[in-house]
**Student:** 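A single structure is presented below for examination.
Both backbone and side-chain heavy atoms feed into the values below; hydrogens, waters and symmetry mates do not. Position 1 is the first residue of the sequence; numbering continues from there.
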Amino acid sequence: MSYVIGVDLGTSAVKLLLVNKSGEVVQEVSKDYPLIQEKTGHSEQKPEDWVEQTVAGLKELVEQFKGNVSEIEGLSFSGQMHGLVLLDAENKPLRNAILWNDTRTTPQCKEIYDKVGKTKFIDITKNLALEGFTLPKILWVKENEPDLFAQAKTFVLPKDYVRYRLTETLHMDYSDAAGTSLLDVAKKEWSQEICDLLDLPISICPPLVDSHENVGKITSTIADQTGLSTDTDVFAGGADNACGAIGSGILSEGKTFASIGTSGVVLSYEPTGDKDYQGKVHYFNHGEEDAYYAMGVTLAAGHSLNWFKTTFASDKSFEELLDGVGDVPVGANGLLFTPYVVGERTPHADSQIRGSFIGMDSSHTIKDFARSVLEGITFSLNESIAIFRENGKQIDTIYSIGGGAKNPDWLQMQADIFNANIVKLKSEQGPGMGAAMLAAFGSGWFSSLKDCADTFLEDAETYQPISANVEKYQQLFNLYKNVYTQTKELNHDLMKFRK
Ligand SMILES: Nc1ncnc2c1ncn2[C@@H]1O[C@H](COP(=O)(O)OP(=O)(O)O)[C@@H](O)[C@H]1O
Ligand SMILES: O=C(CO)[C@@H](O)[C@H](O)COP(=O)(O)O
């Protein structure tokens, strides 16, 4: 039997899947690492932590593997997007990585519009200038840490750095490059014009490759450390959302997923690079060659639930905390939550907005709060679905992936709030499975990613909308949408009192 490994470098952990030629996940390993949040709005990680934990995960996978290690033919990556890893001339990181959920760069986003012009910027990058994207982070370092920036030779994204350490070859794939704000998304090349207008040398941008491209073999040092064969091929891999799309079969027009990981994402396939959403949703290159996708992002989806659990129920597991939320009525007995605990992206690109519980009553219990957190996260994702529908997309079936897809009550809430059938796949490991599929396709096991999806992916369950709930949720969604406007100014004024 032959195998491939999908490495999903997430925000909370690296998850590794060993997958056989039929698409069965035969082994799984997860290794976590900390988030460094020294100030409000700051979010960093140490690149060395990613490398150490990926190597430790690969070693554990190989130790548990019953077959012959030479049967593991290749590996590929899915990576948290946008994080800036700035490298010196010897490809050593110059500082901690600044992550996708770090929102310190509001002035740099303004600088981008001032110097490039908003219309031209959206024309080239197909996206707004957002705090989470890589370019404003580069400008922040240039402005705030000039000595360090002077030593910078190049930059990469999180999984590119880990891949570099495994192979000693440096690349970035189109799907991740699209999230830097330096790529001309339709032309698939670095934008000389944006670099010139912002006085950045284009030489800091690494060579571009397709996600399924073979970029080399693992080094003998990594082979020694992990037990893998030196013949193991490494394929470039993609942005976690592009890989999530591959791993849930979002490979043709009309297919959509909702992912609840640390962030929340609603993503829909786009066959061409020229649909105009006026920057209301993100528009990126897919991990499938020459395809695209549009997506809306809730900055803190699973992160909101995580925050709630850590702060108010730290002794409970997710299962214990959520046990019984299905018995709480729709609307959590009049409690409404907005998941803006680290700011928001879609549809409100606002780094200063913060979360609220509206309607707290002395009769509310922790179960009401837990249900309102799940509902608030799902309402936020529904705002992205509404944008897609307003732009003519028909969305009647949605694949649900990520940690949030583990809970059946939440899956039913998604069906009722999105008013769509929710399909759970046999493996909810979207991005890790997508990375494994890139390695399988890259290894020549299949003639296309679609062929691979036909063999690897299988629906497990479908949740259908319950019409009485759909009706109540439509009323609640209208109330939910008001909370942003009603609390915006208050939150902006509170900004100066934050850490
Ligand atoms: N049993 C569960 N039920 C509901 N939600 C869960 C459960 N386990 C984890 N989650 C949510 O899923 C999130 C992690 O999802 P995951 O897809 O693994 O994230 P990431 O790739 O960002 O690290 C957690 O933050 C949590 O909110
Ligand atoms: O910023 C984005 C997408 O634009 C995030 O989706 C990150 O890519 C992190 O994803 P998770 O850790 O939540 O999977």
Side-chain angles (χ1 to χ4, degrees), residues 126-127 175 178 185-186 241-242 244-260 264-288 290-298 301 345-347 375 377-402 404-405 410-425 428 430 434 448-450 453-454 457-478 480-481:
K126 298 272 178 268
N127 289 283
S175 69
V185 163
N241 289 298
I246 295 169
S248 48
I250 310 299
L251 292 162
S252 55
E253 175 114 60
K255 292 225 164 178
T256 302
F257 81 53
S259 158
I260 298 175
V265 170
V266 177
L267 178 151
S268 197
Y269 188 87
E270 296 288 347
T272 60
D274 56 4
K275 185 147 177 191
D276 186 11
Y277 285 99
Q278 307 98 43
K280 281 189 190 149
V281 285
H282 308 346
Y283 203 86
F284 292 142
N285 305 71
H286 204 294
E288 183 190 55
D290 295 331
Y292 296 82
Y293 62 85
M295 72 174 188
V297 176
T298 294
R345 275 218 212 139
T346 313
E375 289 181 341
I377 295 165
T378 317
F379 284 140
S380 169
L381 291 172
N382 198 42
E383 295 214 76
S384 296
I385 293 177
I387 296 174
F388 286 138
R389 286 183 171 144
E390 280 155 20
N391 279 273
K393 259 193 192 292
Q394 197 186 330
I395 299 184
D396 43 32
T397 298
I398 297 174
Y399 291 83
S400 184
I401 60 170
W410 204 350
L411 288 163
Q412 185 59 51
M413 270 176 232
Q414 291 181 45
D416 296 340
I417 292 177
F418 300 156
N419 193 13
N421 293 322
I422 296 296
V423 181
K424 187 181 159 165
L425 292 162
E428 92 269 5
S448 68
L449 282 168
K450 283 190 191 76
D454 288 344
L457 305 180
E458 205 184 316
D459 295 358
E461 291 154 86
T462 302
Y463 292 76
Q464 284 166 346
I466 300 166
S467 53
N469 295 350
V470 172
E471 216 172 284
K472 285 187 197 143
Y473 274 130
Q474 275 165 357
Q475 293 172 36
L476 286 158
F477 183 55
N478 286 333
Y480 168 88
K481 284 191 288 186

**Student:** Taking side-chain hydrogen bond (donor to acceptor under 3.5 Å, both in side chains) as the test, write out the residues that go with H282, two or more places apart.
**Tutor:** R345
**Student:** Under 4.0 Å between a side-chain nitrogen and a carboxylate oxygen: does that hold for E270 and K393?
**Tutor:** yes
**Student:** Please tell me whether N478 and Q474 have a donor and an acceptor in their side chains that are separated by less than 3.5 angstrom.
**Tutor:** no
**Student:** Looking only at heavy atoms, what is the nearest atom pair of A420 and I398, with distance?
**Tutor:** CB-CD1, 4.0 Å
**Student:** With a 3.5 Å distance limit and no angle check, can you tell me whether N391 reaches the backbone of I387 through a side-chain donor-acceptor pair?
**Tutor:** yes
**Student:** Consider only side-chain N and O atoms of E471 and N469, and report whether a donor and an acceptor are under 3.5 Å apart.
**Tutor:** no
**Student:** Given side-chain contact (heavy atoms from CB on, under 4.5 Å), test T256 with Y399 step by step and report yes or no.
**Tutor:** CA-CA 6 Å; T256 302; Y399 291 83; over 6 Å; no
**Student:** Nearest heavy-atom pair of A415 and Y463: which atoms, and what distance?
**Tutor:** CB-O, 3.6 Å
**Student:** If we ignore hydrogens and angles and just use 3.5 Å, is the side chain of N421 paired with the main-chain N or O of T397 as donor and acceptor?
**Tutor:** no
**Student:** Could you tell me whether E288 and K450 make a salt bridge, using a distance below 4.0 angstrom between a side-chain N and a carboxylate O?
**Tutor:** yes
**Student:** Sequence neighbours left out, what passes side-chain hydrogen bond (donor to acceptor under 3.5 Å, both in side chains) with T298? Give chain and number order.
**Tutor:** S380
**Student:** Do the non-hydrogen side-chain atoms of F284 and Y292 ever get within less than 4.5 Å of each other?
**Tutor:** no
**Student:** Would you compute the distance between atom CG of N382 and atom CZ of F388 and round it to the nearest 0.5 angstrom?
**Tutor:** 12.0 Å
**Student:** As a quick check of understanding, evaluate side-chain hydrogen bond (donor to acceptor under 3.5 Å, both in side chains) for D396 and Q394, giving each step before the final call.
**Tutor:** CA-CA 6 Å; D396 43 32; Q394 197 186 330; 2.9 Å; yes
**Student:** Do the side chain of N419 and the main chain of P465 share a donor and acceptor less than 3.5 angstrom apart?
**Tutor:** no
**Student:** Can you measure from CD1 (I422) to OG1 (T462) and round to the nearest 0.5 angstrom?
**Tutor:** 9.5 Å
**Student:** Quick one: pull up OH in Y269 and CG in L251 and give me the separation to the nearest 0.5 Å.
**Tutor:** 6.5 Å
**Student:** Heavy atoms only: give me the nearest V185-N285 pair and the separation to one decimal.
**Tutor:** O-ND2, 3.1 Å
**Student:** Could you give me the CA-CA distance, side-chain angles and deciding distance for Q414 and S400, then say whether side-chain hydrogen bond (donor to acceptor under 3.5 Å, both in side chains) is met?
**Tutor:** CA-CA 9 Å; Q414 291 181 45; S400 184; 3.0 Å; yes
**Student:** Evaluate side-chain contact (heavy atoms from CB on, under 4.5 Å) for M295 paired with N241, printing each intermediate quantity in order.
**Tutor:** CA-CA 9 Å; M295 72 174 188; N241 289 298; 3.6 Å; yes
**Student:** What I'd like to find out is whether the side chain of L381 reaches to under 4.5 Å of the side chain of F418, using heavy atoms alone.
**Tutor:** yes
**Student:** Can you tell me how the ring of Y480 sits relative to the ring of F379, calling it parallel under 30°, perpendicular over 60° and tilted otherwise?
**Tutor:** tilted
**Student:** Between the side chains of Q475 and Y473, is a donor N or O closer than 3.5 angstrom to an acceptor N or O?
**Tutor:** no
**Student:** Could you list the residues that satisfy side-chain hydrogen bond (donor to acceptor under 3.5 Å, both in side chains) with D276, not counting sequence neighbours?
**Tutor:** none
**Student:** Once rounded to the nearest 0.5 Å, what's the spacing between atom OG of S248 and atom CG of L267?
**Tutor:** 7.5 Å
**Student:** Kindly compute the distance separating NZ (K424) from CG (L411), expressed to the nearest 0.5 Å.
**Tutor:** 6.0 Å
**Student:** Please work out whether the ring planes of Y283 and Y277 are parallel, tilted or perpendicular, with thresholds of 30° and 60°.
**Tutor:** tilted
**Student:** On a heavy-atom basis, which atom in L457 and which in G249 lie closest, and how many Å separate them?
**Tutor:** CD1-N, 3.3 Å
**Student:** Whether the side chain of H286 engages the backbone of I246 through a donor-acceptor N/O pair (distance < 3.5 Å, no angle test) should be reported.
**Tutor:** no
**Student:** Keeping S175 on the side-chain end and G287 on the backbone end, is there a donor-acceptor pair under 3.5 Å?
**Tutor:** no
**Student:** Going from OG1 on T378 to CD on Q412, what distance comes out if it is rounded to the nearest 0.5 angstrom?
**Tutor:** 11.5 Å
